[in-house]
Amino acid sequence: MPFRTVTFALYHQLIFMSVVASIKQAAAEAVQALYQQPFTAADVSVNTTKPEFEGEYTIVVFPFTKFSRQKPEETAGAIGTWLAEHHPALVAGFNVVKGFLNLSVHDQFWTSFVQNAHHNTNVGQQPANGKKVMVEYSSPNTNKPLHLGHLRNNFLGFSVSEILKANGFEVVKANLVNDRGIHICKSMLAWQLFAHGDTPESTGKKGDHLVGDYYVHFESILRDQAEPIISRVLEGNFGDFEGEQVEKLIKLHAALNKPEFKANVEKAEKLRHDIKALARTASAETKEVVSRIEKGDFSDFEGEDKARAKSLHQELTPAIKSDEEKADKIHDDIKELSRNRTEIMQQAKIMLQQWEAGNPEVRALWQTMNSWVYEGFEKTYKRLGIDFDKMYFESNTYLLGKDVVEEGLRKGVFFKKADNSVWIDLTADGLDEKLVLRGDGTSVYITQDIGTARLKYDDYHMDQSIYVVADEQNYHFKVLKLIMQKLGEPSADGIAHLSYGMVELPHGRMKSREGTVVDADDLVEEMVSTAAKYTEELGKVKDFTEEELRELYETIGLGAMKFFLLKVDPKKKMVFNPEESIDIHGFTGPFIQYSHARIRSILREFSAEDLAALASYRHNDALLPMEKELIKINEQFGEVLAEAGREMSPSVIANYAFLLAQTFNSFYAKKESGKYTYSVRDAENEDKRKLRLQIASLTANTIRQAMKLLGIRVPERM
RNA sequence: GGACCGGUAGCUCAGCUGGAUAGAGCAGCUGCCUUCUAAGCAGCAGGUCAUUGGUUCGAAUCCAAUCCGGUUCACCA
């Protein structure tokens, strides 16, 4: 039973509401009573009081002066007086600074809060609200192991699910596995051609990595085979192609060789070369210097070189740059067409067709290799502490959606073009026309998602369906929701895209071509071993068993990594700096874990009976500043949790957990004339000892719960 | 070109439903372990909140324009 059900004669109305909500409610009443205005709690603006003033919360009264017809100071005074008179249990005193009404919350409020909440190991948990929500996240492809980008997705999805649960939602964690398609066939084909029967068992390699290696192998063969085709095309030899493609290539080739265009592109190439050469003379950080030259910043140079940089910059005109870009695009098109003509790509495509036709041999290989991957994923998920309630597989869902398209066609939501392809016109909504079914009747990506959205809804009838997917798919989900709404699907309005920014490395995006992709398993291993290294250096847990140590290192290493990825607002792209991510000082997971361990060590000084006896104790003396401050911050957890749920943002929780831990550390270390001001064990009297034990216990519980919402465990000792 | 997102300290980020003198962490510099865990604490230094205009008693926050960076507008997924 949550502590909230405990009735408390004097303060019962407040126990159901946060302090801030109570103040807003009371202030609204005051405004109604004093000025006969239909003000609601939601109209009141309450801030935490700046530390230099007396009080904990501040009401901004400027908005009331319109109808109070008094100066801000007088208005604030009138409301303060009314509040102190009518809500003495809440407002013990107030002071006015300009239009700011600073309220001192009654100490009794804080002491009864800490009494009721301190032993609740489930702080913040809201009662069920009767709403069901599905969170789809992770959604890996089965041709490659997980990488850093997946980690942000996994941690976000898991954390948001936990946050919603704590807010009273029933949550279904779903994982839609992309287990079919050309990319899987690439791995399969390369395995057939080059593996000589290797398996995870025979090689000792984790299944997902083994399959990923063959995918990479495929890509390198593909590159080798495409190269000569590309060269031939560039020479005007289209013998590798047939029909329409030849015509397309003739056009591309012609465009590339238009004299003026060609001259511009060649000029651009030469200028780039010269700029790079010049940059190299200035600094080893050639890339940075080049980008400064391009921006018209010549600060790296002096005298003649500066003039040279300037003139190079000027020669690289917008027209030349534009042609350069066009040329890049044409080259990409040629490359794509050539890659598709390679022998190995043709084989992969045949394999995909065989898979779709249900060819037993291909299906068997597919089953086998996927099972290797699942075994690998299973290990990774388990280590990460990530779980799911429902697995969907694209091999089961990729044909869905066609019937919905048929319905939409009948309803007139979609229309057919001459080639039989089916489209929806979204131009009225500021978007474009979108293809939903190819001319040959086959699905595209969105067709599948339309069908899967219906399937999910049929399975669970949830109120909301959240997709944790990177922000490069913002347009896709906008379109998906719009289409579902136009179809009148009951699931439509509940569709929400939890869009998150890409994880970048200090030197830019991860690129598989450049081998800068950070593997998830490798990263975890490095975080854990770094945690071990730090822990050993400090030597505080020498009495731990092997098993206990292993678990502690996992807790700290994973805690550092999860916290690092979750502390940033999801919608923003973030930079993953490996050095900072394994840091254990400052705004990090280990800092908070350490604070928790420290509190636990205080509590260990006392017997279970001492701690149990706290439940019936309510402090009656005045509170010292940091005592009040800590209780206040603990009390804000409920509001923070609600906000994190509203915003679907674990970073709100991360910031809060850090603030709480930091505040406790200040409380813990505060020293006056050689003595700890807030010592628990050596408190000035028994009452203070009990109060501080309650505060310590409450803080440990809140920290543990907050971290749990981030998927991070906290140790008893570290 | 259209749409969307971002630009806050040297770096990484909070703050953005308008409120008091814009905050953390890291990096730099000072101090603090005979003491409930120094993975800590206290302090110093560091800012034209991209720019310009507007709304307002009040703007980092809202509006408009501009500049810079990113994503996207595929019969790929």
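Proteins come first, then strands; the chains are lettered A, B, ... in the order of their sequence lines, and each starts at number 1. Computed from heavy atoms alone, side chains included, the values below leave out hydrogens, waters and symmetry copies.
- The phosphate of B/A77 (OP1 or OP2) has no side-chain N or O of A/H183 nearer than 4.0 angstrom.
- Every stem involving RNA chain B, taken as at least 3 paired positions in a row under the Watson-Crick or G-U wobble test at 3.5 Å, is listed here: B:1-7 with B:67-73, B:10-13 with B:23-26, B:28-32 with B:40-44, B:50-54 with B:62-66.
- Remark: P of B/U71 and CG of A/L431 are 20 Å apart, rounded to the nearest angstrom.
- Residues A/V60 and A/P63 come closest through the heavy atom pair O-CD, 3.5 Å.
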Taking only distance into account, with no hydrogens and no angle test, what donor-acceptor pairs under 3.5 Å do side-chain atoms of residues 499-506 of chain A form with protein atoms, sequence neighbours excluded?
from   : atom 1 : to     : atom 2 : distance (Å)
A/S499 : OG     : A/N474 : OD1    : 2.8
A/Y500 : OH     : A/N153 : ND2    : 3.1

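- Closest approach of A/L566 and A/A654 over heavy atoms only: O-CB, 4.3 Å.
- Judged as a side chain to side chain donor-acceptor pair (under 3.5 Å), and not counting sequence neighbours, A/E336 has no contacts.
- Rounded to an integer number of Å, the gap from A/R600 CZ to B/G40 C1' is 19 Å.
- The distance between atom CG of A/D583 and atom P of B/A24, rounded to the nearest whole Å, is 18 Å.
- OP1 or OP2 of B/U71 has at least one side-chain nitrogen or oxygen of A/R509 nearer than 4.0 Å.
- Under the 90° criterion around 0 for the glycosidic angle, B/C49 counts as anti.
- Residues meeting the ring-ring contact (aromatic ring centres under 6.0 Å, His included) test with A/Y398, sequence neighbours left out: A/W355.
- No salt bridge links A/E716 with A/R704; every basic N to acidic carboxylate O contact stays at or beyond 4.0 Å.
- Residues forming a ring-ring contact (aromatic ring centres under 6.0 Å, His included) with A/H497 (at least two apart in sequence, or on another chain): A/F477.
- Annotation: side-chain contact (heavy atoms from CB on, under 4.5 Å) contacts of A/E537 (sequence neighbours excluded): A/K533, A/Y534.
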Which protein N or O atoms sit under 3.5 Å from an N or O of nucleotides 18-22 of chain B?
from  : atom 1 : to     : atom 2 : distance (Å)
B/A20 : N6     : A/T58  : OG1    : 2.8
B/A20 : N6     : A/N102 : OD1    : 2.9
B/A20 : N1     : A/N102 : OD1    : 3.3

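- Less than 4.0 Å separates RNA chain B from at least one heavy atom of each of the following residues of residues 644-660 of chain A: A/N655, A/F658.
- For the pair A/D569 CG and B/G25 P, the interatomic distance rounds to 20 Å; values are reported in whole Å.
- A/I59 pairs in a side-chain contact (heavy atoms from CB on, under 4.5 Å) with only one of the listed residues (A/L101, A/V31, A/T49), which is A/L101.
- For residues 575-585 of chain A, no pair satisfies side-chain hydrogen bond (donor to acceptor under 3.5 Å, both in side chains), with sequence neighbours left out.
- Across all strands, A/N577 comes closer than 4.0 Å to no nucleic acid atom at all (heavy-atom distances).
- Residues forming a side chain to side chain donor-acceptor pair (under 3.5 Å) with A/T427 (at least two apart in sequence, or on another chain): A/D425.
- If you measure from atom CD1 of A/I424 to atom P of B/A74, you get 15 Å, rounded to the nearest angstrom.
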Would you tabulate the pairs of protein nitrogen or oxygen atoms and nucleotide nitrogen or oxygen atoms of nucleotides 4-6 of chain B closer than 3.5 angstrom?
none

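- Among residues two or more places apart in sequence or in another chain, the side-chain contact (heavy atoms from CB on, under 4.5 Å) test is passed with A/L611 by A/L603, A/F606, A/L614, A/L693.
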